[in-house]
Amino acid sequence: MQTSTRNELLLKRSLSAVWHPCTQMKQHETLPLIPVARAKGCWLYDFDGHRYLDAVSSWWVNLFGHGNPRINAALTDQLAQLEHVILAGFTHEPVVALSERLSQLTGGRLGHCFYASDGAAATEIALKMSFHYWRNSGRPEKTQFVSLAGSYHGETLGALAVTDVALFRDTYAPLLRTSARVPSPDWRLAEQGESARGFAIRCADALEQYLQQHHASTAALIVEPLVQGAVGMAMYDAEYLRRARALCDRYSVHLIADEIMVGFGRTGTMFAHEQAGITPDFLCLSKGITGGYLPLSVVLTTDTVYQAFYNDDAARGFLHSHSYTGNALACRAALATLDIFAQDGVIEANRARSAHLSEAASALASHPRVKNFRNTGMIWAFEVAAEDAGFPRRFYQQALARELLLRPIGNTIYFMPPYVISRDEAELLVNRTLGIIDAI
Ligand SMILES: Cc1ncc(COP(=O)(O)O)c(C=O)c1O
């Protein structure tokens with residue numbers, strides 16, 4: 001069969017059988033789906049050999065490129081031993097080794113790992129565990145959660161209740177339990193002349209006012225440390241996290257760090273909260289944990305939380321489960337991912353990579369239609385001045401025409417490439433993006 005026919009056939013079958021995520025399916029009457037036949041490094045290829053630079057790391061999951069030989073080898077080896085086993089009453093080497101290594105990465109402060117598969121499930125677990133901790137500790141009235149304006153923590157009902165992105169939330173509002181919002185320290189919202197740090201302090205003051213009033217009923221504050229992704233890569237000063245940690249301690253409220261997007265080196269440190277020198281009570285991880293290979297999420301927590309559940313009474317235990325909890329293949333992919341971090345000095349190497357891309361992007365940063373050019377670690381974002389509502393879609397299509405996979409969020413364009421992006425690829429990404437801005 002000719003390759004272009006294979007492309008077309010796959011698109012047709014996909015549109016009739018697959019309900020694609022986060023998509024108004026009718027738009028595909030005019031916006032073609034992209035078939036992917038194979039992928040290698042930063043590139044996705046269709047059956048005709050057309051290629052697309054995966055500048056969003058396939059929804060922020062891929063770290064070390066598609067078809068990574070080391071992760072492939074680890075998975076092949078694991079397949080020959082054990083693919084999956086129930087984790088209630090049974091255990092296995094990959095899940096134990098992964099838990100030990102994740103705990104070590106937090107300096108042993110978060111020594112207990114509870115697994116699921118998707119990010120949203122990790123959010124649900126952290127929220128339930130926090131509430132249940134307080135209940136087990138004689139504080140059953142702590143039933144409320146507070147999150148930042150513009151926050152995103154996933155699409156399941158509990159996670160959506162603490163999410164603040166209208167497009168995803170509003171339709172389902174009648175199904176969601178109420179939860180509170182406090183101002184986001186997103187520095188784009190600072191007053192003219194106000195520093196990012198100054199604004200972070202002002203927002204922390206607002207959090208303090210909220211907690212002063214509501215701490216008795218509040219179980220936890222949940223935050224995306226340093227970068228709020230889905231609202232448009234809002235970046236903020238680490239001072240906010242330092243102050244939030246101190247306030248949570250003062251008012252007996254848990255701090256949940258949702259590092260599902262920002263974990264595993266995205267912000268320049270292994271975990272984003274490290275940049276504030278704090279430890280959260282719950283750390284939610286997913287996405288990059290398996291290098292972008294397999295669904296896996298985990299909530300890490302403290303001895304204090306763990307001990308509050310440890311009891312003869314079954315109902316005081318955390319009786320939450322998912323069938324694929326601690327899947328052996330996914331854990332093994334995660335171990336291979338951590339090996340790459342350790343063996344290749346990835347955090348250090350990314351500093352040079354990040355500096356090079358930022359330098360290459362100087363013409364973007366100073367472009368007259370570009371506003372708020374910003375960078376944290378391996379994330380870059382900026383707004384493009386455009387009046388019409390069709391801008392994101394036109395930008396997306398123009399990007400595809402130039403071999404780039406970019407998914408604008410409104411007028412925000414962001415780059416979140418795999419860490420294996422080469423200097424040439426980074427320059428291609430920047431130069432072609434400039435070309436799109438000039439063309440539309
Ligand atoms: C910060 C954050 N939390 C939670 C999630 C939800 O993760 P998942 O899509 O795996 O359910 C996401 C996904 O983008 C995220 O960015």
Side-chain angles (χ1 to χ4, degrees), residues 19-23 54-63 114-130 145 147-165 167-169 172 176 179 181 184-186 220-236 240-241 244 255-267 271-273 280 282-300 320 322 324-325 327 330 333-334 337 376-379 381 405 407-409 412 414-416:
W19 196 335
H20 289 265
C22 203
T23 301
D54 188 355
V56 299
S57 293
S58 284
W59 252 343
W60 319 342
V61 301
N62 193 289
L63 300 189
F114 195 100
Y115 290 89
S117 303
D118 289 294
T123 301
E124 301 285 345
I125 289 164
L127 298 176
K128 281 178 70 179
M129 253 186 199
S130 172
F145 301 102
S147 60
L148 301 185
S151 57
Y152 182 87
H153 299 290
E155 304 285 344
T156 53
L157 294 181
L160 205 51
V162 290
T163 285
D164 186 38
V165 179
L167 181 65
F168 303 137
R169 187 192 150 89
Y172 306 101
L176 306 177
S179 81
R181 303 284 168 264
S184 162
D186 172 2
L221 164 71
I222 179 166
V223 297
E224 293 158 89
L226 298 185
V227 186
Q228 294 181 278
V231 75
M233 301 299 153
M235 299 184 184
Y236 64 88
Y240 185 81
L241 296 173
L255 177 61
I256 303 173
D258 173 353
E259 297 222 13
I260 288 162
M261 181 190 84
V262 295
F264 298 100
R266 261 302 154 198
T267 65
F271 301 124
H273 67 263
F282 299 93
L283 174 61
C284 302
L285 302 171
S286 186
K287 291 196 185 274
I289 190 171
T290 60
Y293 265 64
L294 287 161
L296 181 71
S297 61
V298 58
V299 178
L300 283 85
H320 180 106
H322 298 284
Y324 281 100
T325 291
N327 174 265
T337 299
T376 301
M378 290 295 289
I379 307 173
L405 165 50
R407 285 176 62 92
I409 303 172
T412 302
Y414 69 90
F415 303 148
M416 207 193 285

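As the structure lists them, so they are numbered: ligands from 1, and atoms in each ligand from 1. Residue numbers start at 1 and run along the sequence shown. Predicted model only: the values in this text are computed from it and were never measured.
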Worksheet item: Roughly how far, to the nearest 0.5 Å, is OH of Tyr236 from CD of Glu224?
Response: 7.5 Å
Worksheet entry | Test of proximity, Ser286 against ligand 1: N or O pairs below 3.5 Å | no
Worksheet item: For the atom pair CG (Leu127) and CZ (Phe145), what is the distance rounded to the nearest 0.5 Å?
Response: 4.5 Å
Practice prompt. Just let me know how Glu224 lines up against ligand 1, side chain, backbone, both or neither, with a heavy-atom cut-off below 4.0 Å.
Written response: side chain
Worksheet item: Roughly how far, to the nearest 0.5 Å, is the CD atom of Gln228 from the CE atom of Met261?
Response: 9.0 Å
Fill in: Spatial distance of atom CD1 (Ile222) from atom OG1 (Thr123) [nearest 0.5 Å]
5.0 Å
Worksheet item: Closer than 4.0 angstrom: is that true for some heavy atom of Trp59 and an atom of ligand 1?
Response: no
Fill in: Test log, rule side chain to side chain contact (heavy atoms under 4.5 Å, CB included), inputs Arg266 and Lys287
CA-CA 11 Å; Arg266 261 302 154 198; Lys287 291 196 185 274; over 6 Å; no
Discussion item. Is it the case that ligand 1 has an N or O less than 3.5 angstrom from some N or O of Ala120?
Written reply: yes
Worksheet item: Is the closest side-chain donor-acceptor distance between Ser58 and Asn62 under 3.5 Å?
Response: no
Worksheet entry | For the student: nearest non-hydrogen atoms of Asp258 and Pro225, plus distance | O-CD, 3.3 Å
Worksheet entry | Residue portion contacting ligand 1 (non-hydrogen atoms closer than 4.0 Å) for Glu155 | neither
Discussion item. Could you tell me, atom by atom, which parts of ligand 1 come under 4.0 Å of a heavy atom of Trp60?
Written reply: 14 (O), 16 (O)
Fill in: Lys287 to ligand 1, any heavy atom closer than 4.0 Å
yes
Response to the item:
The atoms of ligand 1 lying under 4.0 Å from a heavy atom of Met261, numbered in the order shown, are 16 (O)
Discussion item. Looking only at protein heavy atoms, which one is nearest to atom 10 (O) of ligand 1, and what is the separation?
Written reply: Gly119 N, 2.8 Å
Discussion item. For Tyr324, I'd like to know if atom OH has over 12 heavy atoms of other residues, nucleotides or ligands within 6.0 Å.
Written reply: no
Fill in: Proximal atoms of ligand 1 relative to Gly154 (non-hydrogen, under 4.0 Å)
4 (C), 6 (C)
Response to the item:
Per-atom filter on ligand 1: closer than 4.0 angstrom to a heavy atom of Asp258 are 1 (C), 2 (C), 3 (N), 4 (C)
Fill in: For atom 12 (C) of ligand 1, closest protein heavy-atom neighbour
Tyr152 CE2, 3.5 Å
Item to complete: Would you check the N or O atoms of Ile260, main chain and side chain alike, for any that come under 3.5 Å of an N or O of ligand 1?
Response: no
Discussion item. To the closest 0.5 Å, what do you measure between NE2 (His153) and CG (Asp164)?
Written reply: 9.0 Å
